[in-house]
Amino acid sequence: MKFGKEFASQMVPEWQAAYVDYSSLKKFLKEIHGVKQKYRQPDTPTRLQRALTLYRSFSGLDPRRNKGGSSFDDHDVENQAILVNSRGNGSGKYETTFLMVAEEGAEYEQEFFKKLDNELNKVDKFYRSKVKEVMAEAETLTNQMHALIAFRIKVDKLQENFDVSGSNDKIMVPMNALQGTTESDNDAKQSSNGCLEIQEENPKKVVSSIRLAPQEVLNHVKLNQAIQAPFSAAKVYCASNTNKTQMNFSKDNLKKIQNQLKQAFIEFYYKLRLLKNYSFLNVLAFSKIMKKYDKITSRRASKYYMRTVDDSYIGNSDEVTKLMERVEATFIKHFSNSNRSKGMNQLRPKSKKERHSTSFGTGFFAGCTAALILALVLIIHARNILDKEGRVQYMESMFPVYSLFGFMVLHMLMHAGNIYFWRRYRVNYSFIFGFKQGTELGFREALFLSFGLATLALISVVSNLDMEMDPKTGDYKALTELLPLSLLLLVIIVLLCPFNILYRSSRFFLLRTSFRCICAPLYKVKFQDFYLADQFTSEVQAFRSVEYYICHYGWGDFKLRQNTCKSNDIFNTFYFIVAVVPYWSRLLQGNQLESSSLDIFSHGGSLWYLLGPCCRLGATTKAVQEPLVEGQTSNPLQKCIFWSNGFECIAEICMVANCLGSKFIIA
């Protein structure tokens, strides 16, 4: 892979504008190369100069002999093409002067170095600002670690066994707390306050004393119930609050703080890794582009310019490296029980590898889906099912049953398409949705699940194409009629399965987010909450299909494909409620998001979700109360088209418009 593609593939999407514009610099070099080719003479001085180097004096094979001397290149000022100056007293302002202005095409090289200086100044400035940010975040984490250690001391009740004085750095242990100690002066030395100072057996070498963390920091600590940000596990306030309520020093709170602070350290370390990789990639980009310049122009300017890059802040600063080492030591000691391999595996999780079984399963189920669709079409044509009398009853009773799986498969296919384009355009969706690194679903996994469900649903449809009752029993086969219900129960069981199979983390994430969408006013709205709520507003008909399952198999006679759902008042009432609940949930989320906003335009976003339920209710009322066109009541296709009326389209348009409004609110 060429460096340009590799450089673009390793960029942080959020920092893409702050990287070196490598492609633009290559365009400048192409222009310079064209000019050089135009004015190049047949007898180039480069060949002559290369030939003359064969007559120079030999410097020897042992480099130590010439250690005190300097090379010819270091003092070849006459052949030096550029002169790099630093302005602003170390503030990162660099300006290059091109010395070969008398040559042909010198203006192109001047523009190249001007662009190169701008890129270096941009990269250096961005790196300085990011290092300043991480140093401030490191200070915040340091304060939180002080609070955690003090909280841990309070929970473990170490103050009952140790007498910690503020002025003494040593641990003072009461005499009755020591067992098996002797009164020998070599083992211990009694102090005037009745305590013993722990010393080593060798009196000449005293062990460095252990100092417990001061507990006064707990007077300035507030525990957050919900994670507001990666660094909000425990906020440390500078000013004390005398009216603060008593904190609950329990092991449950300690475990909660440790987990939140552990996650904060992991995310902070990940940011440090990105920052270090940012520095390495940009320095490497400068090196690559200067080597290309030397190759095109036959100069030796890369060494002079790279010396400036190496002396700059981005090339010379080691603050990030030292901070990473300190974070590693702290994390291994406090969060992995001094197990370095375990701690480093958590700080640097391995990238998720694509499994061949997933690709094979996706292709297998996709082929089965295509084959079953073809078989379904052939069976319908061969049996002449469209002309049989039972087709109307089948469409009225069985089509809503199987349509649920159609909605689910279509939704999963669209989500797989989203994941594909997110990855293609380097959208960090795992961070946006809050997935644990390495547990997010890829588009292959989503396709695997969707085609697998489609295969099972089509097998059920093909097995249940009987349009006539059994003449002996006077009903349809119970086994084939129960296939869609069995498949739905299988989907629910897999979704609720507690075992680590079939992407358990993603399944539980879906359940948690769905619960937060239902209880929208009780939880702080996150991105994944209103994203899923937006998806639910498009799945109203799928929720109605679930309601139809309960009515068809609970209240109706599924063996005869008969039910009284449409004439049941309870069913019709919930038919309205199911259509309104997704929009109502999204409306509550929008109100919660907009409560802290002062933008007048953003407060109109929730009005879209007031119009959506009205459109749904209008479509449902028209479908329930008004009959179909006279003379076409027996046409199943007409009935399906009728349900997709203009009111449904207006509702979907409102949903899409509100999605766009939500994006403006977030921005």
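Position 1 is the first residue of the sequence; numbering continues from there.
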Relative to each other, are the rings of Phe558 and Tyr553 parallel, tilted or perpendicular (30° and 60° limits)? tilted
Considering only NZ, NE, NH1 and NH2 on the basic side and carboxylate oxygens on the acidic side, decide whether Lys566 and Glu396 come within less than 4.0 Å. no
For Phe499, does the six-membered ring have the charged nitrogen or CZ of Arg504 within the cation-pi criterion, i.e. under 6.0 angstrom from the centroid and within 45° of the normal? no
Give a yes-or-no answer on whether the side chains of Asn464 and Tyr402 include a donor-acceptor pair shorter than 3.5 Å. yes
When you measure from the centre of the six-membered ring of Tyr575, is the NZ or CZ of Arg544 under 6.0 Å away and within 45° of the axis? yes
Side chains of Asn418 and Tyr429: closer than 4.5 Å at any heavy-atom pair? no
Have Thr455 and Thr369 got a donor and an acceptor in their side chains that come within less than 3.5 Å? yes
May I ask you to say whether Arg561 pairs ionically with Glu481, meaning some side-chain N is under 4.0 Å from a carboxylate O? yes
Sub-4.5 Å side-chain heavy-atom contact between Leu560 and Asp557: yes
Is it true that Arg348 and Tyr269 share a donor-acceptor pair across their side chains at a distance under 3.5 Å? yes
Can you list the steps and then say if Phe433 with Tyr531 is a ring-ring contact (aromatic ring centres under 6.0 Å, His included)? CA-CA 9 Å; Phe433 286 98; Tyr531 177 83; 5.0 Å; yes
Can you confirm if the aromatic rings of Phe451 and Phe364 lie within a centre distance of less than 6.0 Å? no
Are any side-chain N or O atoms of Gln562 and backbone N or O atoms of Ser397, one a donor and one an acceptor, separated by less than 3.5 Å? no
Check for a donor-acceptor pair, side chain of Asn337 on one end and backbone N or O of Asn339 on the other, with a separation under 3.5 Å. no
Between Leu404, Leu488, Val578, Val540, which is the residue that forms a side-chain contact (heavy atoms from CB on, under 4.5 Å) with Ser545? Leu404
Heavy atoms, side chains only, cut-off 4.5 Å: are His334 and Arg152 in contact? yes
Relative to each other, are the rings of His415 and Trp422 parallel, tilted or perpendicular (30° and 60° limits)? perpendicular
Does atom NZ (Lys342) have a neighbourhood of more than 12 heavy atoms from anything else shown, all under 6.0 Å? no
When you compare the side chains of Asn572 and Asp569, does any donor N or O come within less than 3.5 Å of an acceptor on the partner? no
Could I get the full list of disulfide (SG to SG under 2.5 Å) partners for Cys551, not counting sequence neighbours? Cys565
Side chains of Leu148 and Leu254, heavy atoms from C-beta outward: is any pair under 4.5 Å? yes
Met398 vs His552 side-chain heavy atoms within contact, under 4.5 Å: yes
Does any part of the side chain of Leu485, heavy atoms only, come nearer than 4.5 Å to the side chain of Val401, both counted from C-beta? no
Are Phe527 and Phe530, when compared by the centres of their aromatic rings, separated by less than 6.0 Å? yes
Under 6.0 Å between ring centres: does that hold for Tyr394 and Phe399? no
Decide whether Asn563 and Tyr548 meet the rule of one side-chain donor and one side-chain acceptor closer than 3.5 Å. yes
For side chain to side chain contact (heavy atoms under 4.5 Å, CB included), just list the numbers for Val377 and His381, CA-CA rounded to whole Å, side-chain angles, deciding distance to a tenth of an Å, and then say yes or no. CA-CA 6 Å; Val377 174; His381 180 73; 5.5 Å; no
Return the CG to CG distance between Leu386 and Asn384, rounded to the nearest 0.5 Å. 7.0 Å
Does any part of the side chain of Leu511, heavy atoms only, come nearer than 4.5 Å to the side chain of Phe515, both counted from C-beta? no
Using a 4.5 Å cut-off on heavy atoms from C-beta on, say whether the side chain of Phe536 contacts that of Arg586. no
Residues forming a side chain to side chain donor-acceptor pair (under 3.5 Å) with Gln10, sequence neighbours excluded: Glu6
